[in-house]
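Take a look at the structure set out below.
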Amino acid sequence: MEQRQSACPLDCPDICSLTVTVDGGRVTAVDGDRRSPLTDGFICGKVRKIADHLYGEDRVLEPLVRVGPKGAGQWRTATWDEALDLVAARLAEIRGRAGGEAILPYHYGGSNGWLTEGSLATRLFRRLGASRCERTLCAAATTAASRGLYGAMPGTALEDYEHTRLIVLWGVNPSATGIHLVPVIERAREAGAKLVVVDPRRTPLARRADLHLPIRPGTDLPVALAAIHAAFARGHADLAFLDRHATGVDELRRRAARWTIDEAAAIAGIEARQLDALIELYARTTPALLRAGWGPERNRNGGSAIASILALPAVYGKLGVRGGGFTLSNSDARWTLSAETGIGEPPARTRGVNMSGLADALRDLRGPALECVFVYNCNPAATAPDQRGVIEQLSREDVFVVVHDQVMTDTARLADVVLPATAFLEHRELRRGYGAMRLFDSRPVVAPAGQARSNNQLFGALLERLGLVREGDAMTDDELVARTLAASPRGAELVAQLAEHGAAAPPEGGPRPVPFADVFPGTPDGKIHLVPPELEQQAPGGLYAYRPDPGTAAFPLALISPSLATQISSTFGQLRKAPAALEMSPADAAARGISDGDRVRVWNALAEVHCRVRITLDVRPGVCALPKGLWRKHTENGLTANALIPAAYADLAGQATYNDARVEVARL
Ligand code: SF4
């Protein structure tokens with residue numbers, strides 16, 4: 001038995017430092033260690049049980065080629081050479097006949113590692129001239145809004161929440177999606193800090209909060225604008241800070257002025273005194289921290305909502321002190337590194353395809369039509385909007401579907417070729433966190449299960465077969481890591497830190513930079529742009545324009561799909577045996593004659609989902625919830641919340657609008 005070091009590259013802000021126990025060549029235990037102070041020696045249950053994922057019955061162990069109708073589950077095994085020849089030949093044939101843009105790489109954050117996500121796959125599809133996958137399932141609107149206001153700037157370190165007097169959690173549930181913030185919050189509260197939660201659901205932290213605002217989904221924008229309006233009207237705005245550090249102050253003030261506390265509270269379905277309490281607490285407490293999540297972006301107003309939330313710390317003058325400011329994503333910590341370095345191919349200018357509109361793209365795109373979808377690090381049949389359309393389109397005999405994955409996902413079941421992928425403990429990975437500001441260079445701790453190959457092994461082999469390798473290309477994980485670090489102006493420091501501590505911190509600003517003390521906005525003039533022109537042009541009706549609730553008399557209930565504590569989106573979903581239940585408030589259930597545990601149909605004009613119901617006070621009246629990332633097996637009829645999402649996008653960046661589903665529910 002032996003213990004080896006690793007780090008978790010899954011789509012989670014915490015990027016834990018791990019100690020892995022290996023016995024007889026197999027992983028037998030995983031736990032957190034203390035190379036990352038945020039990890040602090042513990043990890044979530046998801047990764048603690050990763051041996052079930054690595055060695056479970058759903059693991060794909062060898063290449064599979066479809067022999068029956070699509071989706072029938074009839075496969076023959078193939079050698080890697082045979083499978084690669086087959087895939088390379090189809091890619092070459094499609095490209096030669098229809099053009100490279102007939103091929104769509106489809107990928108997201110199955111792993112957020114640079115080697116897994118953005119290296120040779122990116123090079124291959126750029127050199128093929130393939131269509132570009134616009135990554136809009138998550139963090140598209142938040143990235144557009146935060147970069148628009150603050151440019152590339154990290155937020156407050158999660159470790160520094162311990163040093164604050166007030167924490168506002170807005171649309172985020174750390175108990176499920178970033179558990180290491182929870183003990184930090186508890187320590188801050190023991191030292192006297194207050195906690196406010198803005199969330200349609202009564203999350204575990206909302207239950208313990210000093211104040212909970214259970215706003216209706218999609219109403220974050222008027223709530224935040226009313227708080228901005230109140231700041232100016234009541235003299236809470238830090239005019240000196242704004243004068244020195246921000247542009248667009250008068251325009252934001254003018255746009256916020258239409259939202260009184262009474263109006264915003266009425267639209268949000270909360271009491272005006274609750275919003276008033278948040279405003280006064282925030283105004284009078286320093287330092288104060290705002291942790292914004294990705295919940296507020298998942299609706300028609302998502303980009304403006306996040307922009308208005310991120311404007312609050314500037315308007316109220318909460319920046320510039322340790323324990324103050326805001327955190328969204330810390331991807332823009334000053335790493336002086338770029339994943340582009342290892343690719344060796346400039347960004348493509350080919351057409352972009354919004355991944356949230358996959359079904360429409362497969363159905364409607366011409367010049368050329370899409371003929372091949374190459375899926376890696378992703379499971380669109382479970383995670384993309386318009387689930388029925390996605391399944392229907394991927395099931396077409398004339399669309400060549402390749403899936404590279406660790407387990408037999410709902411998407412893999414629709415593939416022509418399934419290729420076995422390594423898990424992060426089986427290959428080298430380089431990753432920096434988007435919450436904790438740490439970088440890890442993790443070596444494989446065990447050999448791959450079966451014949452699994454890493455992304456770079458797969459895409460490197462395809463580059464070779466297609467004659468697309470160029471002299472000097474870095475081709476292996478080791479070469480890619482070396483090149484990326486060597487190209488950084490501070491790479492030697494990072495290498496030294498990794499060697500000495502097993503983890504590295506951003507060379508500029510360090511692991512706990514204080515915004516407006518250590519780091520400043522990455523905008524061209526170094527200021528906060530409260531109404532950035534590029535966002536103004538993009539948002540229908542302009543930035544901060546509110547679009548009303550899409551509910552109708554026929555479909556009055558807002559269906560949201562919050563994260564589970566047991567999965568990361570659909571990752572690890574194969575391990576969930578229990579069927580999913582729709583959460584519904586007692587009032588909504590009683591109005592429909594529904595009892596706890598009943599079988600129900602949840603439907604709208606797009607589709608219907610059959611499942612059990614769980615009646616709970618954790619969702620407010622008018623809102624019901626079905627978890628994010630469910631697999632088809634988790635409902636009775638093989639459809640999930642994603643089948644009920646409208647084909648509409650948020651106001652910025654083509655963001656998917658998962659929380660804009662409006663439905664009705666009845667007993668089956
Ligand atoms: S999923 Fe998050 S909490 Fe769990 S081990 Fe990975 S980084 Fe840590």
Side-chain angles (χ1 to χ4, degrees), residues 60 63-71 75 78 80-108 110 117 120-135 345 348-381 383-384 386 389-405 409-421 453 455 458-468:
V60 180
L64 300 171
V65 177
R66 172 171 76 92
V67 292
K70 270 207 170 167
W75 310 96
W80 263 102
D81 276 342
E82 188 189 358
L84 287 167
D85 285 345
L86 192 162
V87 171
R90 283 300 295 271
L91 292 175
E93 188 276 324
I94 291 169
R95 181 189 188 216
R97 178 176 43 74
E101 288 184 334
I103 299 164
L104 176 67
Y106 195 94
H107 56 105
Y108 198 76
E117 181 68 25
L120 299 194
T122 306
R123 181 195 292 163
L124 170 70
F125 292 113
R126 284 182 185 176
R127 288 185 183 169
L128 280 171
S131 292
R132 286 178 298 107
C133 177
E134 293 177 348
R135 291 160 43 101
E345 184 70 21
R349 298 193 175 177
T350 50
R351 73 177 170 196
V353 174
N354 185 333
M355 70 187 309
S356 299
L358 176 61
D360 285 347
L362 281 163
R363 192 186 298 116
D364 301 334
L365 273 182
R366 295 292 178 269
L370 290 174
E371 296 188 33
C372 171
V373 184
F374 201 128
V375 181
Y376 59 100
N377 299 1
C378 208
N379 180 13
T383 59
D386 189 7
V390 168
I391 293 167
E392 187 182 294
Q393 291 299 314
L394 291 180
S395 300
R396 276 170 42 192
E397 291 288 332
D398 61 338
V399 175
F400 184 59
V401 178
V402 184
V403 174
H404 183 227
D405 210 311
T409 63
D410 286 337
T411 308
R413 290 178 205 284
L414 304 173
D416 294 276
V417 179
V418 181
L419 302 168
R453 290 192 183 178
N455 288 37
L458 161 63
F459 294 110
L462 287 174
L463 279 157
E464 280 167 359
R465 273 174 169 73
L466 289 160
L468 295 172

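Between Leu458 and Leu462, the closest side-chain pair of non-hydrogen atoms falls below 4.5 Å. In this structure the side chain of Gln393 never reaches within 4.5 angstrom of the side chain of Leu358, judged on heavy atoms. The side-chain heavy atoms of Val401 and Leu414, taken from C-beta on, include no pair separated by under 4.5 Å. For the pair Thr411/Val390, no side-chain contact is recorded, criterion being any heavy-atom separation below 4.5 Å from C-beta on. Between Leu91 and Arg95 there is no side-chain heavy-atom pair separated by less than 4.5 Å. Using a 4.5 Å heavy-atom cutoff, the side chains of His404 and Asn455 are in contact. Annotation: side chain of Arg363 is in contact with side chain of Asp386 (closest heavy-atom distance under 4.5 Å).
Closest of all the heavy-atom pairs between Leu466 and Ala88 is CD2-O, 3.5 Å. Residue Ala412 comes nearest to Val418 through the heavy atom pair O-CG2, 3.5 Å, listed as atom of the first residue, atom of the second, then distance. Residues Pro105 and Ala130 come closest through the heavy atom pair CD-CB, 4.0 Å. Taking both residues in full, the closest heavy atoms of Ala369 and Arg351 are given as C-NH2, 4.4 Å, listed atom of the first, atom of the second, then distance. A pairwise comparison of heavy atoms in Pro368 and Ala102 identifies CG-N, 3.5 Å as the closest pair. Taking all atoms of both residues into account, the shortest heavy-atom contact from Ala83 to Pro63 is CB-CB, 3.8 Å.
Looking only at distances, no side-chain donor or acceptor of Arg90 sits under 3.5 Å from a matching main-chain atom of Phe400. Side-chain atoms of His107 never come within 3.5 Å of backbone atoms of Cys133 as a donor-acceptor pair (strictly under, hydrogens ignored). The backbone N or O of Lys70 lies less than 3.5 Å from no partner atom in the side chain of Ser395, so there is not a single donor-acceptor pair. Put simply, the side chain of Arg396 gets close to the backbone of Leu362: a donor and an acceptor are under 3.5 Å apart. Checked by atom type and distance alone, the side chain of Glu371 never pairs as donor or acceptor with a backbone atom of Ala98 at under 3.5 Å. Under the 3.5 Å distance criterion, the side-chain polar atoms of Arg132 are matched with a main-chain donor or acceptor of Thr350. Between the side chain of Arg66 and the main chain of Gly68, a donor-acceptor pair closer than 3.5 Å is present.
Here Leu128 contributes atom CG and Leu463 contributes atom CG; the two are 7.5 Å apart, rounded to the nearest 0.5 Å. Rounding to the nearest 0.5 angstrom, the gap separating the CG atom in Asp410 from the CG atom in Asn379 is 5.5 Å.
Salt bridge Asp81/Arg465: present, at least one basic N to carboxylate O contact under 4.0 Å.
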- [ ] In sequence, state the C-alpha distance, the side-chain angles, and the governing distance for Glu82 and Asp85, and then conclude on side-chain contact (heavy atoms from CB on, under 4.5 Å).
- [x] CA-CA 5 Å; Glu82 188 189 358; Asp85 285 345; 5.8 Å; no
Open item on the list: side-chain contact (heavy atoms from CB on, under 4.5 Å) for Val375 and Leu394? Distances and angles first, verdict last.
Closed with: CA-CA 11 Å; Val375 181; Leu394 291 180; 5.7 Å; no
TODO: Apply side-chain contact (heavy atoms from CB on, under 4.5 Å) to the pair Asp405 and Val60, showing each step before the final yes or no.
DONE: CA-CA 7 Å; Asp405 210 311; Val60 180; 5.8 Å; no
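Cation-pi geometry between Arg135 and Tyr108 is met: the NZ or CZ atom falls under 6.0 Å from the ring centre, inside 45° of the normal.
The aromatic rings of Phe374 and Phe459 sit tilted, their planes meeting at an angle between 30° and 60°.
Other residues, nucleotides and ligands contribute more than 12 heavy atoms inside 6.0 Å of the CZ atom of Arg97.
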